[in-house]
Number of protein chains: 2
Amino acid sequence: MLDCQNHEVCIESAMREADLICQEKGLRFTELRREVLRLIWLSHVPAKAYDILDKLKGKAWSAKPPTVYRALDFLQETGLVHKLDSINAYIGCSHPREHNGCYFLICTDCNEAKECCSPELTDAIELAWTKNSFRPKKVTLEVLGQCGECE
Amino acid sequence: MLDCQNHEVCIESAMREADLICQEKGLRFTELRREVLRLIWLSHVPAKAYDILDKLKGKAWSAKPPTVYRALDFLQETGLVHKLDSINAYIGCSHPREHNGCYFLICTDCNEAKECCSPELTDAIELAWTKNSFRPKKVTLEVLGQCGECE
DNA sequence: TTTAAAATTGTTATATTATAACATTTAAGT
DNA sequence: ACTTAAATGTTATAATATAACAATTTTAAA
Ligand SMILES: [Zn+2]
Ligand SMILES: [Zn+2]
Ligand SMILES: [Zn+2]
Ligand SMILES: [Zn+2]
């Protein structure tokens with residue numbers, strides 16, 4: 001599905017961005033939060049909370065569910081990670097500085113997910129809710145289907 | 001949020017439509033499925049599976065989780081009910097014959113949800129996935145926020 | 001109209017996802 | 001150093017959903 005040639009590059013740049021963003025915002029990017037973000041970035045397949053938990057257990061941490069969910073909460077609040085409600089899984093944000101009007105294509109064959117942006121889409125959605133005099137707080141837009149490489 | 005003057009009318013017309021659709025499609029709209037749909041239609045606030053379960057228990061049925069989830073599966077397959085992934089709740093489809101390119105506005109104050117359609121939105125989404133050579137199977141589009149009547 | 005097959009429902013158990021509540025430790029500011 | 005706030009540890013439990021198999025009901029064939 002993805003235009004990812006060298007995934008090490010994805011991971012490294014995501015972690016570097018996260019460092020900078022937390023530093024700028026004065027947030028504490030602890031070892032635990034850092035490791036959870038890294039585990040999520042291990043692939044472009046959205047990670048399940050309890051899989052992250054299992055991987056953490058293999059390391060130094062005495063990890064239990066709250067350990068993971070707290071880190072996930074922090075990462076979501078900071079915009080570094082998104083939850084995909086249609087599959088109950090978590091994926092790293094591919095552009096955490098300018099996330100806005102994004103949606104997700106999720107392949108049910110290879111399980112990879114891709115974060116996309118479309119200004120037309122954002123406009124159409126905005127038009128829709130102003131017509132309904134609705135004040136949006138959170139938009140969930142996820143498309144399940146088959147990606148181009150899984151035919 | 002809604003333009004619902006007399007909710008009895010909503011319920012009656014939804015049930016009648018469901019009857020017709022199941023008849024046309026040769027599907028068995030059993031008492032159980034019928035009752036679950038009616039319970040969902042009791043309000044415009046999406047229903048939680050275990051709340052439906054509790055209400056069923058008050059009636060003739062020896063209801064257990066599979067009882068409800070099976071009925072919900074049937075109703076979703078038939079297009080009579082939608083699951084809202086962002087809140088894990090179920091709502092009756094307001095136009096089950098022509099459901100297509102719909103999205104949901106969900107008020108976090110009054111908890112009501114409204115099913116809307118927007119051709120521009122549908123077009124924008126279609127454009128987006130063809131650009132990504134993606135074959136969509138299911139679109140989830142839900143907006144959490146505050147409705148016009150809850151300010 | 002019996003009988004076989006299929007669909008539906010009943011029942012028990014368990015899997016999956018997530019949070020509450022309180023104790024302990026670590027980091028930051030004074 | 002002392003105080004406070006934030007983060008993490010720990011135990012328990014809540015909330016959501018499915019697996020597996022048995023019993024019943026409906027449909028359809030023989
Ligand atoms: Zn990559
Ligand atoms: Zn993003
Ligand atoms: Zn109504
Ligand atoms: Zn609908």
Nucleotide nearest A/P66 (side chain, heavy atoms from C-beta), chosen from D/dT8, D/dA17, D/dT11: D/dT11
CZ of B/F29 versus P of C/dT8: gap in Å, rounded? 13 Å
Could you check A/R70 against B/A63 and say which one's nearest nucleotide on DNA chain C is further toward the 5' end? B/A63
Could you check how far CH2 of A/W61 sits from P of D/dA7, rounded to whole Å? 16 Å
Distance check, rounded to the nearest 0.5 Å: B/K55 atom NZ versus B/I40 atom CD1? 10.0 Å
Using a strict threshold of under 4.0 Å (side-chain N to carboxylate O), is an ion pair present between B/E31 and B/K59? no
Between D/dA14 (C1') and B/L53 (CG): distance, integer Å: 15 Å
A/N88 side-chain proximity, nearest of C/dA28, C/dT17, C/dT12: C/dT17
Roughly, in whole Å, what's the span from CG in A/L32 to P in C/dT26? 14 Å
Length of the line joining B/L56:CG and C/dT9:P, which is rounded to integer Å: 11 Å
Rounded to whole Å, please give me the gap between CZ in A/F74 and P in C/dA18. 19 Å
Reckon A/R33 touches a base, only the sugar-phosphate, or nothing at all at heavy-atom distances under 4.0 Å? sugar-phosphate
Are A/T108 and B/K137 linked by a side-chain donor-acceptor pair shorter than 3.5 Å? yes
Could you pick out which residue, B/K83 or A/Y50, lies toward the 5' side of DNA chain D when each is mapped onto its nearest nucleotide? A/Y50
Specify the separation, in whole Å, of atom CG of B/D73 and atom P of C/dA7. 16 Å
It should be established whether A/K64 places a side-chain nitrogen or oxygen under 4.0 Å from OP1 or OP2 of nucleotide D/dG9. no
Does D/dT8 have OP1 or OP2 sitting under 4.0 Å from an N or O in the side chain of A/S62? no
Over all strands shown, is A/Y90 touching base, sugar-phosphate only, or nothing at heavy-atom distances under 4.0 angstrom? sugar-phosphate
Pairwise salt bridge (Lys or Arg N to Asp or Glu O under 4.0 Å) hits with a residue in residues 101-111 of chain B, at least two apart: none
Hey, can you tell me if A/F74 and A/F29 have their rings parallel, tilted or perpendicular (30° and 60° cut-offs)? parallel
So, is A/Y69 close to the C/dA18 phosphate, meaning a side-chain N or O under 4.0 Å from OP1 or OP2? yes
Contact under 4.0 Å: B/K48 side-chain N or O vs D/dT16 OP1/OP2: yes
Return the value, rounded to whole Å, for the distance between atom CZ of A/R28 and atom C1' of C/dA28. 8 Å
